[in-house]
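In what follows, every chain begins at residue 1, and chains take the letters A, B, ... in the order their sequences are listed.
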Amino acid sequence: MTQPHAAFPVKNYDLALTLASGQAFRWRRSAEGWAGVIGSRWVRLRQEPDGIRAETSAPEADWQWLRHYLQLDADLDGILASFPDDPPMRDSVAACRGLRLLRQEPWECLASFICSSTKQIVQIQQIVGLLCRRFGETLAVPLGTEPAWAFPTVERLAGASEAELRACKLGFRAPYLSGAARKLAAGDIDLARLAERPLEEARAALVTLPGVGVKIADCVLLFAYGFHEAFPMDVWIIKALQQLYFPKRPPKLPRLRRFSQTHFGPYGGYAQQYLFHYMRTARKGR
DNA sequence: GGCCAGGCGCGTA
DNA sequence: TACGCGCATGGC
């Protein structure tokens, strides 16, 4: 039956951990659950003992879009079993039970991470929120809930001036986001077709965009396209690898890259998210 | 007040 | 290929 709510039985899925782990930036916690936007839909999610309950602003006949976003059919046990069996990885998995990777829309993910460089996660959330409020389409929400906006389209941001973007606190990232949106609007890259290409080709295409280096490209490859071997190397993961795997003589970046590519296996990106979150929370930057 | 934040682009060696 | 630096802005 078509309803504006549904229940999804799922085990070992920590919604709060997943939505607040710095892979997506539009989820807000409230007493009623987690409110956010997926595509052009307002959604509220709530953790329940046997799974996840979802609420939308209008009846839904087919919930596949949400199952896909949350990756409810992912084989987490199999993924965890593929991780290397070493103390840092075991500690990370133990500290982040139920952490999952989402499958985001590529443009929103790309634009969000262009905004992310040398920003803390709370500030990225603020910037993305301002962009949506200023340039996004207003969405229908249930009575009594906060207003919500879709993520701005490529065309809308391509048409925005640098000053308008700076007003959303982008700082020096404003010309990057503007330039990337304009190249995409001009058809330089077809984001919808990158998933069909090998990882290296997709990455090479992404880094031709202004403000997109290997790290941001890898975030998009991992969080939006599901290239699970992509391993974003940010300041936290560098710190994690140096302290957890090479405490006596921390290697520099080139060697850490080679290590990360060979050590963590086919789901290295998944392992990276566990190490990232473990480093940021359980260890509190030690 | 100084340090740092899910980096990138560019100049230099 | 591998550094070092400047770049806005705000949390702690």
Side-chain angles (χ1 to χ4, degrees), chain A residues 17-27 92 96 99-102 104 106 108-131 134 160-183 203-225 227-228 230-244 250-261 264 268-286:
Chain A
L17 192 56
T18 299
L19 298 181
S21 67
Q23 50 180 315
F25 303 100
R26 303 202 56 199
W27 295 96
S92 299
C96 306
L99 175 61
R100 304 281 191 136
L101 288 189
L102 303 167
Q104 300 177 56
E108 175 173 342
C109 186
L110 171 63
S112 297
F113 276 98
I114 288 175
C115 302
S116 77
S117 63
T118 58
K119 280 290 179 192
Q120 298 181 85
I121 289 172
V122 287
Q123 293 181 270
I124 304 167
Q125 292 169 337
Q126 185 188 21
I127 292 170
V128 170
L130 288 169
L131 286 173
R134 175 68 182 82
S161 70
E162 193 178 312
E164 287 180 299
L165 295 180
R166 283 182 186 269
C168 296
K169 307 193 176 183
L170 265 85
F172 64 81
R173 305 154 198 81
Y176 295 159
L177 183 58
S178 174
R182 287 174 186 179
K183 284 194 81 165
R203 181 191 286 131
L206 287 172
V207 298
T208 63
L209 296 169
V212 181
V214 172
K215 189 271 171 182
I216 288 176
D218 281 347
C219 283
V220 178
L221 293 170
L222 180 62
F223 300 141
Y225 290 102
F227 285 101
H228 288 122
F231 194 100
M233 293 284 281
D234 75 325
V235 291
W236 286 101
I237 209 70
I238 291 167
K239 200 186 304 182
L241 295 180
Q242 288 180 334
Q243 293 184 11
L244 301 177
K252 294 189 177 177
L253 193 53
R255 166 129 173 68
L256 287 179
R257 281 192 198 285
R258 292 195 293 277
F259 174 75
S260 70
Q261 286 162 17
F264 292 99
Y270 232 103
Q272 185 271 5
Q273 188 68 5
Y274 275 76
L275 288 166
F276 172 79
H277 202 267
Y278 174 57
M279 198 67 191
R280 287 190 62 243
T281 56
R283 289 175 58 86
K284 298 196 190 305
R286 272 180 291 163

Separation of the P atoms in C:dA8 and B:dG1, to the nearest angstrom: 22 Å
A:K169 side-chain N/O to C:dG10 phosphate OP1/OP2 under 4.0 Å: yes
Nearest-nucleotide pick for A:P254, side chain only, options being B:dC8, C:dA2, C:dG10: C:dA2
Sugar-phosphate only, base, or nothing, as touched by A:G211 at under 4.0 Å among non-hydrogen atoms: sugar-phosphate
Heavy-atom closest contact (A:L177 atom, A:A111 atom, distance): CD1-CB, 3.8 Å
Exam field: side chain A:R173 to backbone A:S117, donor-acceptor pair closer than 3.5 Å: yes
A:R173 side chain near C:dC7 phosphate (N/O to OP1/OP2, under 4.0 Å): no
Out of C:dA8, B:dG7, C:dG11, whichever nucleotide has its closest atom nearest the side chain of A:V235: B:dG7
Exam field: side chain A:S92 to backbone A:Y278, donor-acceptor pair closer than 3.5 Å: no
Atom-pair distance (CG on A:L177; P on B:dG7), nearest Å: 16 Å
Between P of C:dC12 and NZ of A:K119, the distance in whole Å: 13 Å
From B:dG9, C:dT9, C:dC3, nucleotide with atom closest to A:Q123 side chain: C:dT9
For atom CG of A:L256 and atom P of C:dT1, their distance in whole Å: 17 Å
Presence of A:K215 side-chain N/O under 4.0 Å of B:dA5 phosphate oxygens OP1/OP2: no
Between P of B:dA5 and CZ of A:F25, the distance in whole Å: 15 Å
Selection from B:dG7, C:dC3, C:dA2 that lies nearest to any side-chain heavy atom of A:R258: C:dA2
Comparing A:V207 and A:S116 on DNA chain B - which has the more 5′ nearest nucleotide: A:S116
Nearest listed nucleotide, side chain of A:Q120, among B:dA5, B:dG7, C:dT9: B:dA5
Touch class at under 4.0 angstrom, heavy-atom based, for A:Q273 against every strand present: base
Minimum heavy-atom distance A:Y270-A:L222, with the two atoms named: N-CD1, 4.3 Å
Integer-rounded Å distance: C:dT1 P and A:R257 CZ: 11 Å
Sugar-phosphate only, base, or nothing, as touched by A:S112 at under 4.0 Å among non-hydrogen atoms: nothing
Spacing between A:Q126 atom CD and B:dA5 atom C1', to the nearest angstrom: 14 Å
Interatomic distance where CZ belongs to A:F113 and P belongs to B:dA5 [whole Å]: 16 Å
A:F25 ring center near A:F113 ring center (under 6.0 Å): yes
Toward the 5' end of DNA chain C, by each residue's nearest nucleotide, A:V122 or A:S117: A:S117
Length of the line joining A:F276:CZ and B:dG7:C1', which is rounded to integer Å: 13 Å
Whether A:F172 and A:Y176 hold their rings parallel, tilted or perpendicular, with breakpoints at 30° and 60°: perpendicular
Sugar-phosphate only, base, or nothing, as touched by A:L209 at under 4.0 Å among non-hydrogen atoms: sugar-phosphate
